[in-house]
Visitor: 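Here you go, one structure.
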Number of protein chains: 2
Amino acid sequence: MTEILVSEVGPRDGLQSIDRVMSLEAKKAWIAAEAAAGVKEIEVGSFVPPSLLPQMADTAELVAFARTIPGLNVVALVPNAKGAARAVEAGVHAMSIPFSMSETHSLRNVRKDHPAMLAEIAEVAQIANAGGVHFAVGLSTAFGCTIEGAVSEEQVVRLAAAAAEAGAQEFSLSDTTGYADPAQVKRLIGKVRGAVGDKLTTLHLHNTRGLGLANALAGLEEGITTLDASLGGLGGCPYAPGASGNLVTEDLVLMLNSMGLKTGIDLAKLLEVRQILAEALPGEPLYGFTPDAGPMLDYNERIAPKESEA
Amino acid sequence: MTEILVSEVGPRDGLQSIDRVMSLEAKKAWIAAEAAAGVKEIEVGSFVPPSLLPQMADTAELVAFARTIPGLNVVALVPNAKGAARAVEAGVHAMSIPFSMSETHSLRNVRKDHPAMLAEIAEVAQIANAGGVHFAVGLSTAFGCTIEGAVSEEQVVRLAAAAAEAGAQEFSLSDTTGYADPAQVKRLIGKVRGAVGDKLTTLHLHNTRGLGLANALAGLEEGITTLDASLGGLGGCPYAPGASGNLVTEDLVLMLNSMGLKTGIDLAKLLEVRQILAEALPGEPLYGFTPDAGPMLDYNERIAPKESEA
């Protein structure tokens, strides 16, 4: 059975996309419950200035808490070298820096052009290496940008190669805008792999246009082994214009488990974790087909059912 | 460019799943508008007794109307030989009979076991041949049954072969219950094709668990060339237990067009057709991510964008 790593990014990508601040206690309960359901990696927050994202102000405390959970890989996002130093100090297992393939988006978002970002990545890589922390680069807006429109695949390949040169140990392709389609996913994985090889492991997909799981499938078929997702699709409203809409962890796990891929996640337990979100963020919309659709057939029953005819 | 036939089944599968009866005029407007958007095949209704499904009572009139639209392939569902005779008389181009792979479901639904259904299929085939009408068999509950649970793939293969022997010219695999997963879709297509070859052309998918487009992608990769879908996912509520939830035509077309597959359908025009449903069935939920997510990047721009760097 092929093992697939489902990386929960809700505590970071979900929570940073909503205005409300979730309490530290609720975040801890969420992380603990997902780990107990079998989730092996969680991005618990990001080391950005609390003045910019008050939702992430307790990331260091969350890292310390998450580190106490046996077997859990604790990840945080870092925007720059300063954040990387804080992440190392907090004790993360791994850190990830977003690198926007659209230069306009990069300038708008972090006020850095591509050369400045590559310099930042080199600095982060040094800090990560010195701290013995795994360091990944998220190639964001890789499938298109709401400002620039389409992004050249050759440009993504070139920038990925440059980031690898600068010290990135691992890469994800990130559909920040929900523009990805399955053919593009396959094509771009192939091209980027040509530049950085097996360092490309991960897809970070949004479900803005409902293509999230189809894009995930396309990625799996090209050898992607890690998929980011957010419990309840938290932070994105698939039915509102401009919404981000992370891939829903529950629906992703349903698909992977049904296909006989090994996630190690107990879907029934995972579904129970929604209750923590519902109580901590009353009225916040939670998405996903799985919670209401009734149970899926078990994989083992699927592949060897009894015959109904004599 | 590979041509993919998107077969609109909303006027049949969508409308038969809701209690309300849509007026003949609204149905005509719907069919005409979808054809004008580029949809080349529409299942306009079913020839069941009006006492059972009053929503379908005007199917013969709809067939006559749809036949006046140039280039449109006009399909109707028939439950049995009696319905087939009515379909031929009405002038359909093609008819389709559902054949439930779960014998329990078949008995419950049409009070016929598998041998009785095969006899019916043989009779329908004769009527279709005599009338010069194309005749397809829909292998329903092929991916599992809410009553029986998993359905043996070997049983599906055996029954498909028997139906081909009885005169079926074409086959669809139908995920009546929303149990299909992408691995199963690929596996079952391969097995059924071993029995009936290229007569297997079509997937009829429901989006009950959100896997509809991923399953469609799996089918395309196995050479499926026709995909059934329902405008606005009419008739199925993906967020309610037990709901059917047809694949949403708009989302399917978005995916296919984005991938550079040729549907001949103008997505912007297709989205406008939702207004006809909204006006004819006020308050009836319409689904799909595409209508609210904002426009997708154009395929030609996607594959050859300008570079943002000098």
Visitor: Show your working on side chain to side chain contact (heavy atoms under 4.5 Å, CB included) between B:Met255 and A:Arg209 and close with a plain yes or no.
Guide: CA-CA 9 Å; B:Met255 182 173 90; A:Arg209 287 168 181 80; over 6 Å; no
Visitor: Pick whichever of B:Leu254, B:Leu261, B:Asp251 has the most heavy-atom pairs under 4.5 Å with chain A.
Guide: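 Most pairs with chain A among the choices: B:Leu254.
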Visitor: Go through the atoms of A:Glu250 and report whether side chain, backbone, both or neither lie under 4.5 Å from a heavy atom of chain B.
Guide: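 Nothing of A:Glu250, per the 4.5 Å heavy-atom cut-off to chain B.
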Visitor: Between A:Thr208 and B:Phe289, is any pair of side-chain heavy atoms under 4.5 Å apart?
Guide: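 Side chain of A:Thr208 against side chain of B:Phe289, heavy atoms only: no contact under 4.5 Å found.
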Visitor: Apply side chain to side chain contact (heavy atoms under 4.5 Å, CB included) to residues A:Met296 and B:Leu211 and explain how you reach the verdict.
Guide: CA-CA 11 Å; A:Met296 188 70 155; B:Leu211 305 188; 4.0 Å; yes
Visitor: Which residue out of A:Pro291, A:Ala180, A:Gly144, A:Cys145 racks up the most heavy-atom pairs below 4.5 Å with chain B?
Guide: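 Heavy-atom pair counts peak at A:Ala180.
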Visitor: Is A:Leu213 in contact with chain B via its backbone, its side chain, both, or neither, using a 4.5 Å heavy-atom distance?
Guide: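 For A:Leu213, backbone and side chain are both near chain B.
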Visitor: Which pairs of donor and acceptor atoms, one on a side chain in residues 264-273 of chain B, lie under 3.5 Å apart (sequence neighbours left out)?
Guide:
residue	atom	partner	partner atom	Å
B:Asp266	OD1	B:Ala268	N	3.0
B:Asp266	OD1	B:Lys269	N	3.1

Visitor: So do B:Glu221 and A:Glu221 actually touch side chain to side chain, heavy atoms under 4.5 Å?
Guide: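 Contact flag for A:Glu221/B:Glu221 side chains = yes.
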Visitor: Let me confirm one number: the OG1-CG distance from B:Thr177 to A:Leu297, rounded to the nearest 0.5 Å.
Guide: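 Answer for the OG1-CG pair, B:Thr177 versus A:Leu297, is 7.0 Å.
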